[in-house]
Structures are given as C-alpha cells and as structure tokens.
Amino acid sequence: MRQSSNRPRNRYVNFLRPKAAGASGASPAILAGNDAESAVWRRIAPTSWRQIGGWLVALGWWTLRIVAGARHALFRRWRTSLQFRTVVTTLIIASIAVVGVGGYLASQISNGLFKERLAQAQQESARGVTQVQDSFSNASLSDQPRVSSYVKDTLKLLEVGGADDNRKYLMVKIPGQTSKLAVSASDSGGVTTAIIPDELRAAVQGSTDGQFWQSIPLPTGTTGVHPAVVVGSQVELLKTNYELYMIYDLNSAQQTLNYIQSVLWLAGGILLLLISAIAWYVTRTVVLPVSQAAAVSEKLAAGGLEERMPVTGEDEMARLATSFNKMATSLQDQINALAALSEIQQRFVSDVSHELRTPLTTVRMAAEVLYDARDDFDPINKRSSELLFHQVERFELLLADLLEISRFDAGVAALDVESLDIFSVIHGVIEGARPVAEANNAELSVVTRLRNHKCIVEMDSRRIDRILRNLVLNAVEHSEGNPVKIFVSADEHAVAVAVRDYGIGMSPAALGHVFDRFWRADPARARTTGGSGLGLSIAMEDARLHGGWLEAWGSPGDGSCFRLTLPRTRGGELTHSPVPLPPDGGPATTSRDLYTGPITLTTGSIGVVGALGNLNPATTGDIGKAENRHKDPDSHETTSRAELG
C-alpha cells in the first residue's frame with residue numbers, strides 16, 4: 001500500500017501561516033508581506049464564512065418555499081381537477097406495468113444470454129482440455145526448458161478457436177508436488193491466480209475429472225472490469241497435476257444486453273408518453289363537457305339564466321349538453337314565471353293595501369262613533385259596537401303590516417337614522433307592553449351591566465321600537481305567567497338586546513319557520529293570541545336594514561329567546577354579539593355557525609334559528625361587558641327593573 005505524502009498539506013499550512021522571522025530562506029520584506037497577508041486573511045475569513053453561511057441559509061429557505069409551493073399546487077390540482085387526477089393515476093399504473101414488464105424481460109434476456117454464453121464456454125473448455133490432455137499424454141520430455149517451451153506452445157492454441165477469440169488461459173501446478181520437470185505456472189498474459197476465486201481452486205484441486213465454473217470480474221486496464229466466466233479442470237503432464245483455467249470475457253454479451261435494455265427502457269418511455277397523451281385526450285374529451293356543465297351551472301346559480309352549454313356532434317356528451325340546455329331553459333321559464341307571479345302578488349298586495357285605506361278610514365270613523373255611543377245601546381248592540389271597533393283596529397294594524405311588507409319587497413324602505421340611547425327605546429317598549437304584561441301576570445325586567453345604563457346607537461328609533469315591541473309582546477303572550485327578562489350589553493362596535501321568556505318554548509320545527517311570513521306556531525289556536533304572522537318577518541327586515549342580526553333560540557319547556565344585535569354606528573360590520581344566546585346559560589345549541597336566512601340547527605330538542613350572523617359571544621370593552629353565562633341577576637349582576645304599575 002502506498003504511503004500518502006504530507007507535502008500538499010504542508011504547503012497549504014505554509015501558505016496560510018508564514019514562517020517565523022529569522023527562518024532560513026525568507027527575507028524581511030517577504031516576511032512583512034506574509035504578515036500583512038495573514039492579518040488581512042484573519043479579518044476577511046470570518047466575514048466571508050458568515051456571508052457564505054447566510055447565502056446557504058437563504059438558498060435553503062427559498063428552496064423549501066419553492067418545494068412547499070409546488071407541493072401545495074400539486075395537491076390543489078389533484079383535489080380540483082378530475083383530468084389531472086385521471087392522467088396521473090393512469091401514468092402511475094402504466095409506469096408500474098412498464099417497469100415490471102421491462103424488468104422481467106430484461107431479466108429473462110440477461111439469463112438467456114448468460115446461459116447461452118456459459119454453455120458455449122463449457123463446450124469450448126471441455127474440448128480445449130481434451131486437446132491439451134491428449135497432447136500432454138503423448139509428450140516425451142526430459143529437461144525443464146523443453147517442458148516449459150512445450151507447455152507454452154500447447155496452451156497457446158487455447159487462445160484461438162473460440163466463438164469470439166477472446167479467451168485467456170492460466171495453468172498452475174497443484175501445491176504439494178515435487179517433480180523436477182514440473183512447471184510452476186503458465187498464462188496468456190495479464191492473468192494471475194489472484195482473479196481465480198478460492199472456492200473454484202479448491203473444487204478443481206479436489207477433482208481429477210470434473211469441470212467447474214464461476215463468474216468473476218475480469219480486470220481490464222487500470223480501473224475497468226469486464227464480466228467474465230472462468231472454467232477450471234485438472235490436467236496431467238509427466239506425472240504432475242496442474243490446474244487449467246480458461247477465462248471467457250463476456251463484455252460483448254454485456255454490451256448486447258445493455259443495448260437491449262436501453263431499447264426496452266426507451267420503448268417503455270415512449271409507451272408511457274403515448275399512454276399519457278391518450279389518457280389526456282380521452283379524459284379531456286369526457287371531462288371538458290363536465291367542466292363546461294359545472295361552469296354553466298355556477299353561472300346559472302349566480303343568476304345568469306341565459307347561459308347554455310355548447311352542443312357539438314351527436315354522441316353521449318352532445319345528448320348530455322342538449323338535455324342540460326333543455327333543463328336550463330325549463331328552469332329559466334319557471335323562474336321567470338315565479339318572478340312574474342311574485343311581482344304580481346307584491347303589486348296586488350301593495351295596490352289592495354292602498355285601496356283599502358280609504359274605505360277603512362271611513363269604516364273606522366263610523367266604528368269610533370258607534371263605540372263612543374255604546375252606553376246608549378242595549379247590551380247586544382253595545383257588544384256589537386265594541387267588537388266592530390276592535391276588529392277594525394286589528395284590520396288597520398294588519399293593513400299597516402301589509403303596506404310595510406310591500407315597501408320591503410319594492411326595495412323602497414329607508415332608514416331615518418339618529419343617535420339615541422337604546423335604553424330610552426327599551427323603557428318606552430316596556431311602558432307600552434305594561435297592560436299586556438298585567439293581563440298575563442308577567443313581570444318585565446331589564447338586566448344589564450352597562451355603566452350608567454346608557455348606550456348611544458345610530459339607529460332608526462321607530463323601527464327598533466317596532467322590533468323590540470314585537471319581541472316583548474310575543475314573549476309576554478307565551479310566558480305563561482313567568483318573568484320576562486330583557487338582557488342588554490354592548491362593546492365598542494355592537495349592542496345586543498335579548499328578550500328571554502320561560503314559557504312553553506319552541507320546537508326545532510317551529511324554529512325553522514319562526515321568521516316566515518304568515519306563519520303561526522299553532523295554526524289551530526284562537527285568534528285572541530298572536531298576530532297576523534308578519535311581525536317577526538317585519539322585524540327581521542328592519543334588522544337587516546340596520547345591518548344587524550335577529551336570531552332566535554328555543555327549547556320546549558325551557559322557554560325561548562330572541563336576540564337583536566346592531567352595529568353602534570351606521571355602516572358598521574358585525575363580527576360578534578355582546579350577549580350570548582341564551583344569555584342566562586340555558587340549554588343551547590353546540591353549533592357556532594349561522595347563515596343568512598331562517599336555518600334550523602338542532603341538538604336534541606334544542607334549536608337555533610338565525611336571520612343573519614353567528615353566535616360568537618363577544619369580548620366586551622370599556623363601554624360594557626357581557627358574561628358568556630349570566631347567573632341570577634339578583635345575586636351577581638346590577639339589575640335595572642322597570643316595575644309594572
């Protein structure tokens with residue numbers, strides 16, 4: 001083994017570390033220059049390494065970002081594209097098939113070529129050994145030089161005559177023999193016992209008539225090797241046994257195999273490209289109409305009723321496009337018909353409401369005259385005048401609701417915004433609801449933790465008064481004599497008023513329709529309780545005009561709660577409500593998401609309906625705070641009560 005030299009390392013060290021002053025072979029000027037260079041190197045090297053480290057970190061970070069972005073793009077493409085998913089799946093399956101088949105074919109071809117070349121080598125080796133042994137048996141030699149020359153001449157014939165004339169030989173004496181005429185070794189040049197495996201030599205030495213073979217790497221040149229097979233047998237010359245090996249270079253067969261494998265892999269790659277192109281074309285032919293149908297469906301859902309799919313050819317996709325277009329046309333006709341009918345109905349309600357106002361005013365005047373003079377009538381006429389007066393009043397309220405609904409439908413409802421204290425509106429509502437509360441033996445109270453019981457809100461006081469009056473009257477009528485609490489809280493961005501009763505409550509089915517027009521929870525109950533069924537619908541539209549939420553919660557036997565949430569400034573956007581739903585910690589739904597429109601979310605017998613928004617409790621600021629769960633207001637909260645009477 002060669003010993004490595006230390007000279008390069010010493011030169012490198014000497015370059016970086018100059019010799020000490022006074023060393024031989026160095027002048028003072030050179031030493032000064034070396035010292036300056038070393039000082040500069042010491043100053044520059046740390047900075048350079050830090051810069052290189054920073055560049056490497058930045059490069060690694062950008063590489064990770066690119067890889068992550070590519071991975072995210074591929075995953076997103078996989079999720080959203082049926083064509084991409086189909087082509088990739090087809091390509092993966094085809095790749096597995098091509099690799100499997102190609103590997104199997106390459107293995108079979110390799111085994112076939114090797115077996116064929118091995119059989120040929122064994123036949124040639126057996127023939128060559130026979131010829132050599134026959135020649136050795138007829139030899140009559142008496143001195144060492146003639147024996148060596150005879151062996152070389154005889155073995156040289158083994159180098160030619162093979163299938164590719166690429167055969168080498170090696171003959172060595174079996175150890176332990178002491179014949180004076182024995183030849184130690186003879187070879188064809190460049191072949192030594194070092195390339196012969198020990199296992200093969202042991203097998204050859206142990207058998208006088210057997211033929212053995214083994215694959216070996218045959219050194220060529222300085223670093224290269226060729227695949228080869230060596231076949232060994234014993235021969236005898238002048239009563240001395242020798243090991244005779246014939247080495248066959250299989251490089252030509254290996255080159256043929258490499259060529260076949262390259263052709264196989266090239267054909268496999270071309271096949272994969274063709275399969276990918278076919279899969280892309282087929283899936284595009286099938287998926288493109290589906291994608292067009294999806295795009296047209298989205299446009300139809302967005303209101304583009306004139307959108308249609310292109311129809312090409314007469315195949316299944318063309319029939320699908322034709323059927324889809326017929327369906328879209330039918331839907332357009334039905335939607336247009338419903339829109340026209342709705343417009344007619346809205347116009348009818350608006351016209352009838354306006355036309356009824358004049359005769360209703362006359363009837364009301366006559367009813368008031370009869371009602372004022374009822375004491376002069378007999379009991380039957382007196383009762384009739386009272387019924388007439390109250391029913392005309394009820395009819396007038398219904399007509400007012402119809403007119404308000406027609407304004408909402410026509411989109412002409414507008415807000416008259418002013419900055420007011422919402423507590424003034426709440427107390428006015430309580431004062432107006434006092435007779436109904438007394439009749440139902442219900443106590444009304446306001447529960448709040450706002451400082452000074454004051455909260456300024458930009459609102460239309462008439463509409464907010466109508467919303468709260470409707471909620472409070474409904475709560476009183478369904479409270480069954482239990483208290484009705486009005487919870488008020490606010491923060492910097494929103495204010496919420498929740499009306500909570502502890503009466504009969506609402507079922508999940510009722511919550512699903514509580515904001516529908518003309519809907520009543522019990523259509524069979526007497527008309528002495530409940531209104532026309534428009535109150536909550538109008539309240540929801542009023543809340544929407546303010547950009548607010550109107551939500552409902554209810555559970556049979558646990559009562560119900562309606563929560564109004566408003567932005568404190570006009571145009572503000574709500575993200576939460578300062579009051580939980582329900583505000584007193586009663587049973588509530590586990591869902592935290594509500595969407596626009598009357599949606600029912602249930603958990604057991606509990607349901608939640610939201611006209612707008614969600615149920616996320618708010619974290620309150622300095623203006624007001626609302627607990628996520630309110631306890632008894634008498635024990636832990638400052639309670640402002642508006643007692644009746």
Side-chain angles (χ1 to χ4, degrees), residues 386 389-391 393-394 396-398 400-401 420-450 453 455 461-489 495-506 510 514 520-522 525-536 538-539 542-543 550-564 579 581-584 586 630 632-634 637-645:
E386 292 175 350
F389 178 79
H390 291 302
Q391 293 303 317
E393 188 178 40
R394 186 185 181 92
E396 191 174 28
L397 293 176
L398 175 60
D401 289 344
L420 289 176
D421 182 10
I422 196 168
F423 281 94
S424 63
V425 179
I426 294 173
H427 287 298
V429 169
I430 293 177
E431 185 66 23
R434 181 172 57 181
V436 181
E438 291 176 345
N440 287 272
N441 296 321
E443 179 188 13
L444 290 172
S445 61
V446 177
V447 181
T448 184
R449 300 185 68 179
L450 294 177
H453 300 167
C455 180
S461 58
R462 179 181 67 86
R463 295 184 184 276
I464 299 302
D465 178 87
R466 180 165 60 190
I467 295 174
L468 297 179
R469 190 179 303 276
N470 190 290
L471 299 182
V472 170
L473 290 177
N474 283 345
V476 169
E477 289 181 356
H478 298 88
S479 65
E480 296 184 329
N482 295 309
V484 174
K485 298 179 181 180
I486 304 173
F487 294 85
V488 186
S489 187
V495 60
V497 181
V499 181
R500 175 77 159 95
D501 69 77
Y502 302 89
I504 59 176
M506 287 186 292
V514 69
R520 295 169 63 89
D522 184 8
R525 72 174 188 260
R527 286 286 180 175
T528 56
T529 61
S532 62
L534 293 174
L536 290 177
I538 295 175
D542 285 334
L550 183 58
E551 300 155 304
W553 169 89
S555 178
D558 294 322
S560 58
C561 180
F562 287 81
R563 179 178 67 180
L564 173 65
V579 176
L581 187 67
D584 54 356
H630 293 269
D632 186 359
D634 292 328
E637 295 184 355
T638 302
T639 305
S640 173
R641 294 184 179 274
E643 301 293 346
L644 301 178

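Residue numbers run from 1 in the order of the sequence given.
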Could you tell me whether a side-chain N or O of Asn440 sits under 3.5 Å from a main-chain N or O of Ala442, the two making a donor and an acceptor? no

Which pair of heavy atoms, one from Lys485 and one from Tyr502, lies closest together, and at what distance? CD-OH, 3.8 Å

Which heavy atom in Met506 sits nearest to a heavy atom in Pro556, and how many Å separate them? O-CD, 3.2 Å

Minimum-distance pair of heavy atoms, taken over all atoms of Ala539 and Ile467: O-CD1, 3.6 Å

Return the CG to OG distance between Asp465 and Ser424, rounded to the nearest 0.5 Å. 9.5 Å

For Val579 versus Ser489, what's the shortest heavy-atom pair and its separation? CG2-CB, 3.6 Å

Looking at every non-hydrogen atom in both residues, tell me the closest pair between Arg500 and Cys561 and how far apart they are. CD-CB, 3.6 Å

By the definition side chain to side chain contact (heavy atoms under 4.5 Å, CB included), identify the one residue from Ile422, Val488, Leu420, Ile426 that meets it with Cys455. Ile422

Quick one, Val497 and Ile464 - any side-chain contact, counting heavy atoms below 4.5 Å? no

In Å and rounded to the nearest 0.5 Å, what is the CZ to CG distance from Phe562 to Asn474? 6.5 Å

So, for Leu444 and Ala437, which heavy atoms are closest and what is the spacing to 0.1 Å? CD1-CB, 4.2 Å

Could you pull out all residues at least two apart from Gln391 that satisfy side chain to side chain contact (heavy atoms under 4.5 Å, CB included)? Arg394

Measuring only between side-chain heavy atoms, which start at C-beta, is Val476 closer than 4.5 Å to Asp501? no

Starting at CD1 of Ile486, measure out to CZ of Phe423 and round the result to the nearest 0.5 Å. 10.5 Å

Distance in Å, Leu564 CG paired with Glu551 CD, rounded so as to fall on 0.5 Å steps: 9.5 Å

Checking side-chain contact (heavy atoms from CB on, under 4.5 Å) for the pair Asn470/Leu536: CA distance, chi angles, key distance, verdict? CA-CA 7 Å; Asn470 190 290; Leu536 290 177; 3.6 Å; yes

